[in-house]
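Have a look at the structure below before the remarks.
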Amino acid sequence: MFSSVGRKKIAGQATFLFIDIVVLGLSTHVNRFQSFFYVADLFPLVLSIISLVLVVLLLTLDLALDNSYTGRPQTEIGVFGVLSIFWLAFNAFSTSRWRAIPFQCNSIPSDFLDERDWCKSLQALKSFVWINFLICLGIALFTLRYSITQYRRGNKHIFQMPLSRYRPEGSEFLQFEKLT
């Protein structure tokens, strides 16, 4: 049913969704401590919800429909490209706002256990928002590179079908013949 590149695409999107759910959980924990007050803390929460809805919608339509336009490379490159720009911008803003928070959360006195827990959650959130950005950017760049490579090899039909069902014309091993 799915091609080998389609299985890799779905695995990449599933990885993105997993990290996005981790970001959603951590940002919810961080925001509940601050009563949803600080914008720097709200950006990861809102963006993870938007990303979750968009990618689940893309993945669901791609799995449900045989010729889904949302599964085509040009759509996925656009969606993940725009998402990676938003993740980069909001991560840069949030990270700059969080710079005053100590990196070593154990330096917070033991009398403030809730604050220490919040600090550790925020440090984890800082890491995961950047991992989420890298995965999103990686999906966009790998899809772009693969699509352009296949198009230049004469497989012009790559932009006319979902990437999950794309099979290059001829053998999949033709790419290795050019190396010898």
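Here the structure is a predicted model, which is why all the values come from computation and not from measurement.
Checking each of F16, F80, F86 against S51 for a side chain to side chain contact (heavy atoms under 4.5 Å, CB included) leaves exactly one that passes, namely F16.
A donor-acceptor pair is defined here as one N or O able to donate and one able to accept, closer than 3.5 Å; such a pair exists between the side chain of S96 and the backbone of F93. Panel note: side chain H157, backbone Y166; no donor-acceptor pair is recorded below 3.5 Å. A donor-acceptor pair under 3.5 Å is absent between the side-chain atoms of T75 and the main chain of G71, judged by distance alone.
With hydrophobic clusters built from ILVMFWY side chains whose heavy atoms lie under 4.5 angstrom apart, I77 shares a cluster with I148. No path of Ile, Leu, Val, Met, Phe, Trp and Tyr side chains, each step under 4.5 Å between heavy atoms, connects F142 with I135, placing them in separate hydrophobic clusters. In the hydrophobic clustering of ILVMFWY residues, with side-chain heavy atoms under 4.5 Å counting as a link, V82 and L141 come out together. The hydrophobic cluster containing I49 also contains I21, counting ILVMFWY residues as joined when their side-chain heavy atoms lie under 4.5 angstrom apart, directly or transitively. Hydrophobic cluster membership is shared by L137 and F18, with clusters built from Ile, Leu, Val, Met, Phe, Trp and Tyr side chains linked at under 4.5 angstrom.
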Show the numbers, then the answer: is there a side chain to side chain contact (heavy atoms under 4.5 Å, CB included) between L58 and L54?
-> CA-CA 6 Å; L58 283 174; L54 276 175; 5.5 Å; no
Evaluate the criterion side chain to side chain contact (heavy atoms under 4.5 Å, CB included) for residue pair D20 and W87; output intermediate values, then yes/no.
-> CA-CA 11 Å; D20 195 51; W87 276 107; 3.5 Å; yes
Test log, rule side chain to side chain contact (heavy atoms under 4.5 Å, CB included), inputs N67 and Q160 = CA-CA 9 Å; N67 196 11; Q160 298 169 355; over 6 Å; no
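Scanning for side chain to side chain contact (heavy atoms under 4.5 Å, CB included) contacts around L17 gives L52, V55, V56, L59, with sequence neighbours left out.
What you find for S48 and S27 is that their closest heavy atoms are OG-OG, 4.2 Å. The two residues S68 and L61 make their nearest non-hydrogen contact at CB-O, 3.5 Å. The two residues V23 and P44 make their nearest non-hydrogen contact at CG1-O, 4.1 Å. Nearest heavy atoms, F128 versus L26: CD1-CD1, 3.7 Å. Shortest non-hydrogen contact noted between C136 and L83 is SG-CB, 3.5 Å. Looking at every heavy atom in both residues, M161 comes nearest to R72 through O-CG, 3.5 Å.
Donor-acceptor pairing under 3.5 Å is lacking for the side chains of K120 and Q123.
A heavy-atom distance below 4.5 Å is not found between the side chains of V129 and F90. Taking the side chain as every heavy atom from C-beta outward, S147 and F159 approach each other to under 4.5 Å.
We find the CG-CG distance between L47 and N132 to be 8.0 Å, quoted to the nearest 0.5 Å. Note that OG1 of T15 is 12.0 Å distant from CD1 of I131, once rounded to the nearest 0.5 Å. Here L122 contributes atom CG and N31 contributes atom CG; the two are 9.5 Å apart, rounded to the nearest 0.5 Å. A distance of 10.0 Å separates CG of L45 from CD1 of I50, quoted to the nearest 0.5 Å. In this structure, CH2 on W130 lies 12.0 Å from CG on L125, to the nearest 0.5 angstrom. Interatomic distance, I139 CD1 to L144 CG, rounded to the nearest 0.5 Å: 13.5 Å.
Pairs of residues two or more places apart, or lying in two chains, that qualify as salt bridge (Lys or Arg N to Asp or Glu O under 4.0 Å) and include a residue from residues 44-70 are K9-D62, D62-R165, D66-R165.
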